[in-house]
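Okay, so here's the structure we're looking at.
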Amino acid sequence: EVQLVESGGGLVQAGGSLRLSCVASGFTFDDYAIGWFRQAPRKEREAVSCITPTDGSAYYPDSMKGRFTISTDNAKNTVYLQMNSLKPEDTADYYCAAVEFIHSDYVCKPYGMDYWGKGTLVTVSS
């Protein structure tokens with residue numbers, strides 16, 4: 001059974017940093033693309049970043065470039081999201097998601113993901 005478990009959320013002051021973790025199980029880590037998504041209250045879910053553990057290739061939407069860094073520890077089946085210079089508008093539920101990486105292609109969008117964690121809440125105070 002595919003499972004994704006997020007951790008690392010919490011309350012942080014604006015300008016601070018957090019590192020989120022997503023531990024994957026139930027599938028071959030290198031055969032999937034893994035992403036971080038977020039959803040603020042009354043807003044649509046959006047991609048933060050995605051990565052393919054097999055080669056470490058990372059994708060960031062233009063709006064997310066500069067402050068966030070995605071990485072993996074393949075030995076631990078874990079994906080990280082390092083978040084720096086946090087702003088109140090970063091407050092959201094952050095989700096880890098995965099999709100099988102077939103034919104070396106995937107879509108880093110909510111609709112492109114098949115498996116989801118339950119999320120971890122990040123709150124950035126002003």
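Of the inter-residue distances, the one linking D30 atom CG with N77 atom CG reads 8.5 Å to the nearest 0.5 angstrom. In this structure, the separation between SG on C50 and OH on Y59 is 8.0 Å, given to the nearest 0.5 Å. In this structure, the separation between SG on C96 and CD on Q3 is 12.0 Å, given to the nearest 0.5 Å.
Taking 4.0 Å as the cut-off between side-chain N and carboxylate O, D90 and K87 do not count as a salt-bridged pair.
Taking a 4.5 Å side-chain heavy-atom cut-off between Ile, Leu, Val, Met, Phe, Trp and Tyr, the cluster of I34 extends to V2, L4, V12, L18, L20, F27, F29, Y32, W36, V48, I51, Y60, M64, F68, I70, V79, L81, M83, L86, Y94, Y115, V122, V124. Here Y111 is tied into one hydrophobic group with V107, each link being a pair of ILVMFWY side chains closer than 4.5 Å.
Taking the ring axis of F37 as reference, the NZ or CZ atom of R45 does not stay both within 45° of it and closer than 6.0 Å to the ring centre.
Residue R67 comes nearest to S85 through the heavy atom pair NH1-O, 3.1 Å, listed as atom of the first residue, atom of the second, then distance. Across K76 and Y80, no two heavy atoms sit closer than the pair CD-OH, 4.2 Å. In plain terms, the two heavy atoms of S49 and C108 that are nearest each other are C-SG, 4.0 Å. When all heavy atoms of T120 and G9 are compared, the closest pair comes out as OG1-N, 3.1 Å. The heavy-atom pair separating P88 from S126 by the smallest distance is CG-CB, 3.9 Å.
A heavy-atom distance below 4.5 Å is not found between the side chains of P53 and F101.
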Side chain to side chain contact (heavy atoms under 4.5 Å, CB included) between S57 and T52, intermediate numbers included: CA-CA 6 Å; S57 181; T52 45; 3.6 Å; yes
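Distance alone, capped at 3.5 Å, places no donor-acceptor pair between the E46 side chain and the R38 backbone. Within the 3.5 Å criterion, the main-chain N or O of K118 finds a donor-acceptor partner in the side chain of E6.
Side-chain polar atoms of N74 and T72 form a donor-acceptor pair below 3.5 angstrom.
For Y95, the ring-ring contact (aromatic ring centres under 6.0 Å, His included) test picks out no residue, with sequence neighbours left out.
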